Amino acid sequence: MVTPPNARRLAPAHRQRGWAGLVAVLLALAIVAWLAQSALRSYGLASKPPAASGAPASDPRERAKAVEQTVIDQAREMARQVEEAEKGK
């Protein structure tokens, strides 16, 4: 089998295209990761910033617990007011 003389020159270019594709995929992956990280930060789901004293919690679960406690407290207060109003009648 006879190999053409320019076949050896084409082999390195073919290998470089594979590396260029790999670099392009890695670059695209890095861009997607950066965008995902910034989106998660804006939603408050990644890397919590330090909370100042008296500031509301930055963790969504902590905020939900605080809201739940507020609702429970308000329900108790409302029940107490209703009982007092019924006693006054």
Side-chain angles (χ1 to χ4, degrees):
M1 179 173 198
V2 178
T3 58
N6 56 356
R8 291 184 183 171
R9 282 186 250 147
L10 293 178
H14 177 68
R15 289 184 192 143
Q16 288 177 359
R17 278 185 274 166
W19 283 103
L22 181 61
V23 170
V25 168
L26 290 176
L27 181 63
L29 182 62
I31 291 170
V32 168
W34 179 72
L35 290 173
Q37 181 182 18
S38 65
L40 288 175
R41 280 189 184 155
S42 68
Y43 295 142
L45 299 175
S47 69
K48 298 182 275 185
S53 61
S58 62
D59 185 22
R61 291 173 293 219
E62 292 175 12
R63 287 191 305 233
K65 287 179 184 178
V67 168
E68 178 185 18
Q69 189 60 43
T70 302
V71 169
I72 290 171
D73 292 343
Q74 289 176 352
R76 286 182 183 151
E77 179 65 24
M78 185 68 73
R80 186 186 61 77
Q81 289 175 0
V82 167
E83 286 178 10
E84 287 179 2
E86 288 177 351
K87 288 180 185 176
K89 285 185 178 181

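On a predicted model such as this, the values are computed, not experimentally measured, just so you know.
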(request) Output the rest of the hydrophobic cluster of Trp34: all Ile, Leu, Val, Met, Phe, Trp and Tyr residues reachable through side-chain heavy-atom contacts under 4.5 Å, sorted by chain and number. (result) Leu27, Ile31, Leu35

(message) So, using salt bridge (charged side-chain N to carboxylate O under 4.0 Å, His left out) as the criterion, who are the partners of Arg80 when residues are at least two apart?
(response) Glu77, Glu84

I'd like a table of donor-acceptor pairs (distance under 3.5 Å, sequence neighbours excluded) in which one partner is a side-chain atom from residues 64-71, with atom names and distances.
{"residue": "Gln69", "atom": "NE2", "partner": "Asp73", "partner atom": "OD1", "Å": "3.1"}
{"residue": "Thr70", "atom": "OG1", "partner": "Ala66", "partner atom": "O", "Å": "2.9"}

(message) Nearest 0.5 angstrom please: Met78 CE to Glu83 CD, how far?
(response) 13.0 Å

(message) Check for me, please, whether Val23 and Leu29 land in the same ILVMFWY cluster - side-chain distances under 4.5 Å, paths through other members count.
(response) no

